[in-house]
Amino acid sequence: QVYLVESGGGQVNPGGSLRLSCAASGRTKDVSAMAWFRQAPEKQREFGAGIIKRLDTTYYGNLENDRFTVSMDNAKNTLYLQMNNLHLGDTAAYYCAAATRLQVGASEDDYEYWGQGTQVTVSS
């Protein structure tokens, strides 16, 4: 079992920044990749960005990688999402996910473990 706890969400003005964290515990040695998804109000959850641990490779989905940067501290088993120049449309619940399979991508089905989510609200 892998446990994920997100933190760092909150309310921010347009143009502001936040850094989300996701601390993993449990059988973290089994984790092959971790990722961020987000779900805006009345919309489906969408893949944002992820890291394949053994390759230290990042991959981005719907998050613009000139504003969003995913990174990981392997020693702390913590995934981060640095978010800059936030827009109103970035308002969403942000979820951390972890996978143990070798091949992962942007599908929710690729990830077995999920955090409870952290809310990001961009408003003026």
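- Using a 4.5 Å heavy-atom threshold, the side chains of D90 and F68 count as touching.
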Please table the atom pairs, donor to acceptor, closer than 3.5 Å between any side-chain atom in residues 117-124 and protein atoms at least two apart or in another chain.
residue	atom	partner	partner atom	Å
T118	OG1	G9	N	3.2
Q119	NE2	A92	O	3.4
S123	OG	Q11	NE2	3.0

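- Within the 4.5 Å cutoff, the side chain of R67 has no heavy atoms near those of the M83 side chain.
- Put simply, the side chain of W36 gets close to the backbone of Y80: a donor and an acceptor are under 3.5 Å apart.
- Side-chain atoms of S32 come within 3.5 Å of backbone N or O of R101 as a donor-acceptor pair.
- V31 and L102 are not part of a single hydrophobic cluster, where members link through side-chain heavy atoms under 4.5 Å apart.
- At least one donor-acceptor pair closer than 3.5 Å links the side chain of Y60 to the backbone N or O of V70.
- Ring pair Y59/F47 is parallel by interplanar angle, where below 30° counts as parallel and above 60° as perpendicular.
- For Q103, the CD atom counts as loosely surrounded, since its 6.0 Å shell holds 12 or fewer non-hydrogen atoms of other residues, nucleotides or ligands.
- Side-chain atoms of E108 and Y95, non-hydrogen and from C-beta on, never get closer than 4.5 Å to each other.
- Contact record, K43 with Q39: O-NE2, 3.1 Å, taken as the closest heavy-atom pair.
- With values rounded to the nearest 0.5 angstrom, M72 atom CE is found 13.0 Å from T58 atom OG1.
- Once rounded to the nearest 0.5 Å, the distance linking CZ of R38 with CZ of R45 reads 13.5 Å.
- Linking Ile, Leu, Val, Met, Phe, Trp and Tyr whenever their side-chain heavy atoms come within less than 4.5 Å puts V104 and L55 in one cluster.
- D66 contributes atom CG, which lies 8.5 Å from atom CG of N85 (distance to the nearest 0.5 angstrom).
- S71 and Q82 form no side-chain donor-acceptor contact under 3.5 Å, judged by distance and modelled atom types alone.
- Judged purely by atom type and a 3.5 angstrom limit, E6 uses its side chain to pair as donor or acceptor with the backbone of Q116.
- Atom OG1 of T100 is separated from atom NZ of K29 by 16.0 Å, given to the nearest 0.5 angstrom.
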In residues 15-27, what donor-acceptor pairs under 3.5 Å come from side-chain atoms, sequence neighbours left out?
residue	atom	partner	partner atom	Å
S17	OG	N84	OD1	3.0
R27	NE	D30	OD2	2.7
R27	NH2	D30	OD2	3.3

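- Taking SG from C96 and CG from L4, the interatomic distance works out to 4.5 Å, rounded to the nearest 0.5 Å.
- Panel note: side chain Y111, backbone G105; a donor-acceptor pair is recorded below 3.5 Å.
- Contact annotation: the side chain of I51 never approaches that of M34 to less than 4.5 Å [non-hydrogen atoms, C-beta and beyond].
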